[in-house]
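Predicted model, so just to flag it, every value in this text is computed and none were measured. Chain letters run A, B, ... following the sequence lines, proteins first, then strands; residues in each count from 1.
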Number of protein chains: 2
Amino acid sequence: MEIINQIDEVKRCSVQYVLALNDTLNVINGKWKLPIIGSLMYGKKRFKELERNIDKISPRMLSKELKDLENNGVVERTVYNTTPVTVEYELTESGKTFHSVLDVMVEWAVEHRERTLEL
Amino acid sequence: MEIINQIDEVKRCSVQYVLALNDTLNVINGKWKLPIIGSLMYGKKRFKELERNIDKISPRMLSKELKDLENNGVVERTVYNTTPVTVEYELTESGKTFHSVLDVMVEWAVEHRERTLEL
DNA sequence: ATTTACACTATACTTTTGTATACTACTATA
DNA sequence: TATAGTAGTATACAAAAGTATAGTGTAAAT
C-alpha cells in the first residue's frame with residue numbers, strides 16, 4: 001500500500017502533479033499512438049501486421065511511434081533470430097493497465113455529452 | 001442511473017469508444033489547454049489575469065485556446081457591460097469534473113513509474 | 001532469374017501548431 | 001497630452017508533426 005502514499009504526495013504538489021500528467025500525455029500524443037495501443041490490446045503483433053491493421057499508417061510513422069512507446073515503457077520489442085528477422089511488439093504491464101485510463105476518459109466524455117445536451 | 005447504461009453501451013462498441021475518447025483528447029490537446037484549465041480550477045478569471053498567470057502565453061494563443069475550450073463546453077465566457085468591457089472565464093460543470101480524469105492520469109503515471117523502476 | 005516478404009530507413013515535402021510583434025478601440029489616470 | 005489598462009485581432013514567420021515515395025539487405029518461393 002506504499003504506492004497510495006506516493007500518489008497522495010504527487011497530488012499535493014502541483015509541480016509533481018504536472019510532471020506526472022505529462023508522462024501520461026506523452027504516451028498518447030500524436031495521431032497514431034492510440035491506434036497502435038488499441039491494436040496491441042488484442043495481443044502481440046509483428047511490424048507488418050500492425051502496418052496492415054492500422055489503416056493509412058506509413059512505415060515511417062509506425063516505426064517512429066513504436067520507438068516512442070518503447071522508450072516510454074508501454075511497448076516491448078522482441079527480435080527473433082530468424083531469416084528474415086521476426087520482430088514482435090507487445091504491451092508491457094503498464095501498457096495493459098493503460099486501458100483503465102482510457103476508460104475514464106470515455107466515461108467523462110459520455111457524462112459530458114449528457115450534461116451539455118440537457119441545456 | 002441511465003448514464004451507466006450509456007457508458008456500458010459506448011464501451012461495447014469500438015467505434016463509439018474511439019469517438020468518445022477523441023472528445024476527451026480534444027479538450028486537452030495543444031500546449032496551453034492544461035495550463036488554462038489548471039488556472040481556472042482555482043476560480044474564474046479575466047483575460048488579462050490568465051495572461052499574467054500563465055507564463056509565456058501570447059494573447060493570440062490564449063484567445064484561440066479559450067475559444068476551443070468554450071466550443072467544447074469546458075469553459076464559459078461572460079461579458080460584463082462595463083467600460084472597458086470585463087470578460088470572465090470560468091469552468092463549466094464538465095470543466096470542473098475534468099479534474100477526475102486528470103487524477104486518473106496522474107495515478108497511472110505514478111504506478112507506471114514504480115513498475116518500471118522495479119526492473 | 002525474378003518476385004515476394006520482412007523490418008525497417010532516407011529524402012523531400014506539406015500541414016498543423018505555435019511564436020513574435022505590432023496593432024485596434026475605448027477610457028481612466030497622471 | 002501622454003501613458004496605462006481593457007480584451008482582444010492581424011500579419012508574418014518558425015518549428016513540429018505528419019505524408020508520400022522510394023530504397024536497403026537478406027532469403028525463400030516461383
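At whole-Å resolution of the value, CE in A/M61 and P in C/dC13 are 17 Å apart. B/I54 has its CD1 atom 15 Å from the C1' atom of C/dG18, to the nearest Å. In this structure, B/L66 places its CG atom 11 Å from P of D/dA7, rounding to the nearest Å. Rounded to whole angstrom, the span from the CG atom of B/N29 across to the P atom of D/dG18 amounts to 11 Å. Rounded to an integer number of Å, the gap from A/N53 CG to C/dA7 P is 13 Å. The CG-C1' distance, from A/L62 to D/dT19, rounds to 14 Å in whole Å. Distance CG (A/N81) to C1' (C/dA7): 14 Å, rounded to an integer number of Å. Taking atom CD of B/E88 as the reference point, atom C1' of D/dG8 lies 16 Å away to the nearest angstrom.
As judged by a 4.0 angstrom heavy-atom cut-off over every strand, A/K48 is placed among the base-contacting residues. At a threshold of 4.0 angstrom between heavy atoms, the contacts of B/S58 with the nucleic acid are absent. At the heavy-atom level, A/Y89 lies under 4.0 Å from the strands shown only through sugar-phosphate atoms. Among the atoms of the strands shown, only primed sugar atoms or phosphate atoms (P, OP1, OP2) are found under 4.0 Å from some heavy atom of A/T86.
Looking at the side chain of A/V87, the nearest of the listed nucleotides C/dC8, D/dA7, C/dT9 is C/dC8.
Put simply, B/K64 has no side-chain N or O that comes within less than 4.0 Å of OP1 or OP2 on D/dA7. Residue B/R77 has a polar side-chain atom (N or O) positioned under 4.0 Å from OP1 or OP2 of D/dG8. For the OP1/OP2 pair of D/dT19 and a distance below 4.0 Å, the side-chain nitrogens and oxygens of A/K31 include at least one atom meeting the criterion. Distances shorter than 4.0 Å separate none of the side-chain N or O atoms of B/T82 from OP1 or OP2 on D/dT6. The phosphate of C/dA5 (OP1 or OP2) has no side-chain N or O of A/R52 nearer than 4.0 angstrom.
Residues A/K31 and A/E65 are not paired through a salt bridge, judged by the lack of any N-O separation under 4.0 Å between the basic side chain and the carboxylate.
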Show your working on side-chain contact (heavy atoms from CB on, under 4.5 Å) between B/V101 and B/I28 and close with a plain yes or no.
CA-CA 11 Å; B/V101 177; B/I28 47 181; over 6 Å; no
Salt bridge (charged side-chain N to carboxylate O under 4.0 Å, His left out) between B/K44 and B/E76, intermediate numbers included:
CA-CA 9 Å; B/K44 58 173 74 163; B/E76 203 184 335; over 6 Å; no
Take A/E51 and A/K48, measure what salt bridge (charged side-chain N to carboxylate O under 4.0 Å, His left out) needs, and give me the verdict at the end.
CA-CA 5 Å; A/E51 204 181 332; A/K48 277 284 169 184; 3.5 Å; yes
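DNA chain D is contacted by both A/I57 and A/P84; A/I57 maps to the nucleotide lying nearer its 5′ end (nearest heavy atom per residue). Both A/W32 and A/P59 lie close to DNA chain D; mapped to their nearest nucleotides by heavy-atom distance, the more 5′-ward contact belongs to A/W32.
Between the side chains of B/R115 and A/T97, a donor-acceptor pair is found at a separation under 3.5 Å.
If you check distances only, the side chain of A/R60 does reach the base of C/dT11 with a donor-acceptor pair under 3.5 Å.
The two residues B/Q6 and A/V110 come nearest to each other via the heavy atoms CB-CG1, 3.9 Å.
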